[in-house]
Amino acid sequence: MKSIKAVPVTHENFRPYGFIANIADPSADYAMSDTLPAFHRDMVLAPMADPAPIAFGSLKINRRPTEIRDVEYHSGACEVMMPLDDDMVIYAGPASNDVVEPEKLEAFVVPQGTLVVFRAGAWHGAPWPVHQETATVLICLPERTYLTDTVKYPLPEEQTITIELP
(Lines give C-alpha, C1' and ligand atoms only; values in the text may rest on other atoms or scores of the structure.)
Protein backbone atom coordinates (compact mmCIF):
# COMPACT_ATOMS: atom_id res chain seq x y z
CA MET A 1 0.00 0.00 0.00
CA LYS A 2 1.35 3.41 -0.98
CA SER A 3 1.52 6.19 1.59
CA ILE A 4 1.69 9.97 1.36
CA LYS A 5 2.54 12.50 4.04
CA ALA A 6 0.02 15.20 4.96
CA VAL A 7 1.65 18.63 4.87
CA PRO A 8 0.38 21.97 6.20
CA VAL A 9 -1.80 23.60 3.55
CA THR A 10 -0.53 26.84 2.00
CA HIS A 11 -1.74 29.03 -0.85
CA GLU A 12 1.17 27.81 -2.95
CA ASN A 13 0.94 24.05 -2.41
CA PHE A 14 -2.86 23.96 -2.79
CA ARG A 15 -3.01 26.22 -5.89
CA PRO A 16 -3.27 23.30 -8.41
CA TYR A 17 -6.46 22.12 -6.68
CA GLY A 18 -8.12 25.37 -5.61
CA PHE A 19 -7.93 28.17 -3.09
CA ILE A 20 -7.70 28.68 0.69
CA ALA A 21 -8.40 31.57 3.08
CA ASN A 22 -8.18 31.80 6.86
CA ILE A 23 -11.73 33.03 7.43
CA ALA A 24 -11.57 32.76 11.25
CA ASP A 25 -8.34 34.78 11.54
CA PRO A 26 -8.14 37.03 8.47
CA SER A 27 -5.15 39.20 7.76
CA ALA A 28 -5.30 42.97 7.41
CA ASP A 29 -4.81 42.52 3.66
CA TYR A 30 -8.53 41.94 3.21
CA ALA A 31 -9.80 44.48 5.78
CA MET A 32 -11.96 47.38 4.64
CA SER A 33 -11.15 49.28 7.86
CA ASP A 34 -8.24 49.73 10.24
CA THR A 35 -10.61 49.59 13.22
CA LEU A 36 -13.23 47.09 14.38
CA PRO A 37 -15.73 46.19 13.15
CA ALA A 38 -13.75 45.43 10.00
CA PHE A 39 -15.26 43.70 6.99
CA HIS A 40 -12.81 41.36 5.24
CA ARG A 41 -13.91 41.30 1.63
CA ASP A 42 -13.54 38.80 -1.20
CA MET A 43 -11.07 36.55 0.60
CA VAL A 44 -11.63 33.63 -1.75
CA LEU A 45 -13.86 33.04 -4.76
CA ALA A 46 -15.65 29.84 -5.76
CA PRO A 47 -16.72 30.17 -9.40
CA MET A 48 -19.63 27.92 -10.29
CA ALA A 49 -20.73 26.88 -13.78
CA ASP A 50 -23.99 25.64 -12.29
CA PRO A 51 -26.64 28.40 -11.94
CA ALA A 52 -28.29 26.66 -8.95
CA PRO A 53 -28.22 28.57 -5.66
CA ILE A 54 -25.34 27.76 -3.34
CA ALA A 55 -26.45 25.44 -0.55
CA PHE A 56 -24.75 25.35 2.86
CA GLY A 57 -24.61 22.10 4.77
CA SER A 58 -22.42 20.29 7.24
CA LEU A 59 -20.44 17.10 7.15
CA LYS A 60 -19.85 15.21 10.39
CA ILE A 61 -16.50 13.44 10.23
CA ASN A 62 -14.97 10.89 12.55
CA ARG A 63 -11.59 9.47 13.45
CA ARG A 64 -11.01 6.40 11.27
CA PRO A 65 -8.04 4.96 9.40
CA THR A 66 -6.49 7.71 7.24
CA GLU A 67 -6.76 5.67 4.08
CA ILE A 68 -7.89 7.00 0.72
CA ARG A 69 -10.34 4.38 -0.50
CA ASP A 70 -12.33 6.51 -2.96
CA VAL A 71 -12.15 9.76 -4.90
CA GLU A 72 -14.76 12.12 -6.32
CA TYR A 73 -15.06 15.30 -8.36
CA HIS A 74 -17.68 17.75 -9.63
CA SER A 75 -17.59 18.95 -13.27
CA GLY A 76 -19.62 22.15 -12.94
CA ALA A 77 -19.01 23.20 -9.37
CA CYS A 78 -16.31 24.07 -6.92
CA GLU A 79 -16.72 22.45 -3.50
CA VAL A 80 -16.15 24.58 -0.44
CA MET A 81 -15.09 23.02 2.89
CA MET A 82 -14.22 24.68 6.19
CA PRO A 83 -13.41 22.82 9.41
CA LEU A 84 -15.46 24.40 12.19
CA ASP A 85 -14.28 22.77 15.41
CA ASP A 86 -11.00 20.95 14.67
CA ASP A 87 -8.21 20.92 12.10
CA MET A 88 -8.83 18.49 9.23
CA VAL A 89 -6.81 16.36 6.83
CA ILE A 90 -7.86 16.49 3.18
CA TYR A 91 -6.55 15.04 -0.03
CA ALA A 92 -6.65 16.41 -3.56
CA GLY A 93 -5.57 15.52 -7.06
CA PRO A 94 -5.52 17.52 -10.29
CA ALA A 95 -8.52 17.51 -12.61
CA SER A 96 -8.24 14.88 -15.31
CA ASN A 97 -10.28 13.50 -18.17
CA ASP A 98 -12.31 11.27 -15.81
CA VAL A 99 -9.23 9.12 -15.24
CA VAL A 100 -8.35 8.29 -11.64
CA GLU A 101 -4.64 8.88 -11.00
CA PRO A 102 -3.99 7.91 -7.36
CA GLU A 103 -0.25 8.55 -7.76
CA LYS A 104 -1.01 12.28 -8.17
CA LEU A 105 -2.97 12.65 -4.92
CA GLU A 106 -1.55 14.88 -2.17
CA ALA A 107 -2.65 15.30 1.46
CA PHE A 108 -2.92 18.52 3.47
CA VAL A 109 -3.56 19.57 7.06
CA VAL A 110 -6.07 22.43 7.11
CA PRO A 111 -6.34 24.55 10.28
CA GLN A 112 -9.74 25.05 11.89
CA GLY A 113 -11.45 28.11 10.37
CA THR A 114 -9.58 27.90 7.05
CA LEU A 115 -11.81 27.83 4.01
CA VAL A 116 -10.80 25.44 1.21
CA VAL A 117 -12.23 25.68 -2.31
CA PHE A 118 -11.69 22.67 -4.56
CA ARG A 119 -11.67 23.68 -8.22
CA ALA A 120 -14.25 22.03 -10.47
CA GLY A 121 -12.78 18.70 -11.54
CA ALA A 122 -10.26 18.42 -8.68
CA TRP A 123 -10.28 14.98 -7.09
CA HIS A 124 -11.04 14.90 -3.36
CA GLY A 125 -13.07 13.05 -0.70
CA ALA A 126 -14.23 13.14 2.90
CA PRO A 127 -11.72 14.65 5.35
CA TRP A 128 -10.56 13.41 8.77
CA PRO A 129 -10.43 15.30 12.09
CA VAL A 130 -6.91 15.79 13.46
CA HIS A 131 -7.42 16.01 17.24
CA GLN A 132 -11.00 15.05 18.10
CA GLU A 133 -12.99 11.85 17.70
CA THR A 134 -15.65 13.69 15.68
CA ALA A 135 -15.77 17.12 14.07
CA THR A 136 -17.97 19.24 11.83
CA VAL A 137 -17.07 20.64 8.42
CA LEU A 138 -19.05 23.36 6.62
CA ILE A 139 -19.82 22.30 3.04
CA CYS A 140 -21.00 24.64 0.27
CA LEU A 141 -22.09 23.37 -3.15
CA PRO A 142 -24.76 24.34 -5.66
CA GLU A 143 -28.08 22.89 -4.57
CA ARG A 144 -28.40 19.12 -5.20
CA THR A 145 -24.86 18.76 -6.60
CA TYR A 146 -24.55 15.54 -4.61
CA LEU A 147 -27.21 14.08 -6.97
CA THR A 148 -26.55 15.91 -10.23
CA ASP A 149 -22.80 16.49 -10.51
CA THR A 150 -20.80 14.07 -8.38
CA VAL A 151 -18.58 11.44 -9.97
CA LYS A 152 -17.22 9.02 -7.38
CA TYR A 153 -14.92 6.04 -7.81
CA PRO A 154 -13.84 3.47 -5.25
CA LEU A 155 -10.14 2.66 -5.48
CA PRO A 156 -9.13 -0.98 -5.94
CA GLU A 157 -7.56 -2.41 -2.77
CA GLU A 158 -4.08 -2.31 -4.33
CA GLN A 159 -4.44 1.45 -4.99
CA THR A 160 -5.55 2.40 -1.46
CA ILE A 161 -3.29 5.11 -0.06
CA THR A 162 -2.42 5.65 3.60
CA ILE A 163 -2.02 9.25 4.74
CA GLU A 164 0.79 9.82 7.25
CA LEU A 165 -0.02 12.60 9.69
CA PRO A 166 2.76 14.99 10.76
Side-chain angles (χ1 to χ4, degrees), residues 4-61 66 68 70-96 98 101 104-132 134-152 163 165-166:
I4 56 177
K5 184 171 176 107
V7 298
V9 72
T10 66
H11 292 283
E12 293 75 28
N13 67 15
F14 196 71
R15 187 170 290 128
Y17 317 112
F19 315 95
I20 66 166
N22 189 338
I23 300 295
D25 189 18
S27 71
D29 295 340
Y30 295 99
M32 297 282 293
S33 170
D34 292 334
T35 61
L36 297 180
F39 174 58
H40 296 83
R41 88 268 179 268
D42 303 339
M43 293 176 65
V44 68
L45 303 176
M48 303 288 180
D50 191 320
I54 300 301
F56 297 85
S58 65
L59 173 67
K60 290 300 279 188
I61 57 176
T66 50
I68 302 172
D70 56 57
V71 293
E72 69 177 59
Y73 71 90
H74 314 288
S75 288
C78 292
E79 181 166 346
V80 178
M81 290 185 184
M82 185 171 77
L84 298 175
D85 51 6
D86 192 5
D87 301 342
M88 70 178 177
V89 174
I90 62 171
Y91 60 93
S96 65
D98 198 40
E101 299 172 297
K104 293 186 178 179
L105 294 173
E106 296 186 74
F108 304 93
V109 178
V110 179
Q112 176 182 340
T114 299
L115 190 84
V116 174
V117 178
F118 290 97
R119 295 177 187 271
W123 294 97
H124 62 281
W128 293 264
V130 173
H131 308 289
Q132 301 176 173
T134 62
T136 306
V137 178
L138 174 70
I139 302 288
C140 306
L141 285 164
E143 183 179 34
R144 297 180 56 77
T145 295
Y146 51 91
L147 291 176
T148 61
D149 182 25
T150 299
V151 178
K152 188 170 189 166
I163 298 175
L165 300 178

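No experiment lies behind these values; they were computed from the predicted model shown.
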Val7 vs Val109, side-chain contact (heavy atoms from CB on, under 4.5 Å): CA-CA, chis, key distance, verdict: CA-CA 6 Å; Val7 298; Val109 178; over 6 Å; no

- Start with the C-alpha gap between Met82 and Ile23, add the side-chain angles, then the distance that decides, and say whether side-chain contact (heavy atoms from CB on, under 4.5 Å) holds. CA-CA 9 Å; Met82 185 171 77; Ile23 300 295; 3.8 Å; yes

Do Val116 and Ile90 pass the side-chain contact (heavy atoms from CB on, under 4.5 Å) test, and can you show the C-alpha distance, the side-chain angles, and the key distance before you say yes or no?
CA-CA 10 Å; Val116 174; Ile90 62 171; 4.0 Å; yes

key: Verdict with supporting geometry, Val80 and Leu138, side-chain contact (heavy atoms from CB on, under 4.5 Å)   = CA-CA 8 Å; Val80 178; Leu138 174 70; 5.7 Å; no

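With contacts defined as side-chain heavy-atom distances shorter than 4.5 Å, the pair Phe108/Val89 does not qualify. At least one side-chain heavy atom of Gln132 sits under 4.5 Å from a side-chain heavy atom of Asp85. Side chains of Met81 and Pro127 form a contact here, defined as non-hydrogen atoms less than 4.5 Å apart. Looking at Ile163 and Ile68, their side chains come closer than 4.5 Å, going by heavy atoms from C-beta outward. Residues Phe56 and Ile139 form no side-chain contact, since every pair of their non-hydrogen atoms from C-beta on lies 4.5 Å or further apart.
Ring geometry, Phe118 versus Phe14: the interplanar angle exceeds 60°, so the pair is classed perpendicular (tilted spans 30 to 60°). Ring orientation note: the planes of Trp128 and Tyr91 are tilted relative to one another, at an angle of 30° to 60°.
Pro8 and Asn13 make their closest contact through O-ND2, 3.0 Å (heavy atoms, listed as atom of the first residue, atom of the second, distance). For the residue pair Ile61 and Pro129, the shortest heavy atom distance occurs at CD1-N, 3.4 Å.
With Glu143 contributing its side chain and Ala55 its backbone, the two residues share no donor-acceptor pair below 3.5 Å. In this structure a side-chain-to-backbone donor-acceptor pair under 3.5 Å is present from His124 to Ala122. A donor-acceptor pair is defined here as one N or O able to donate and one able to accept, closer than 3.5 Å; no such pair exists between the side chain of Asp25 and the backbone of Asn22. Side-chain atoms of Arg119 never come within 3.5 Å of backbone atoms of Phe19 as a donor-acceptor pair (strictly under, hydrogens ignored). Judged purely by atom type and a 3.5 angstrom limit, Asp86 has no side-chain atom pairing as donor or acceptor with the backbone of Val137.
With respect to Met88, the side chain to side chain contact (heavy atoms under 4.5 Å, CB included) criterion is satisfied by exactly one of Thr114, Val110, Val9: Val110.
Interatomic distance, Leu141 CG to Thr148 OG1, rounded to the nearest 0.5 Å: 9.5 Å. To the nearest 0.5 Å, the span separating CD1 on Ile20 from CG on Leu115 amounts to 9.5 Å. Going from atom SG of Cys78 over to atom CG of Leu45 covers 9.5 Å, rounded to the nearest 0.5 Å. Here the CG-OG1 distance, from Leu59 to Thr136, works out to 8.5 Å after rounding to the nearest 0.5 Å. The distance from the NZ atom of Lys152 to the CG atom of Asp70 is 4.5 Å, given to the nearest 0.5 Å. One finds the CE atom of Met48 at 4.0 Å from the CD1 atom of Ile54 (value rounded to the nearest 0.5 Å).
More than 12 heavy atoms of other residues, nucleotides or ligands lie within 6.0 Å of CG in Asp98, so this atom counts as buried by the packing criterion.
Side-chain contact check for Thr150 and His74: at least one donor-acceptor pair (N or O, by modelled atom type) lies under 3.5 Å. Glu106 and Tyr17 share a side-chain donor-acceptor pair at under 3.5 Å.
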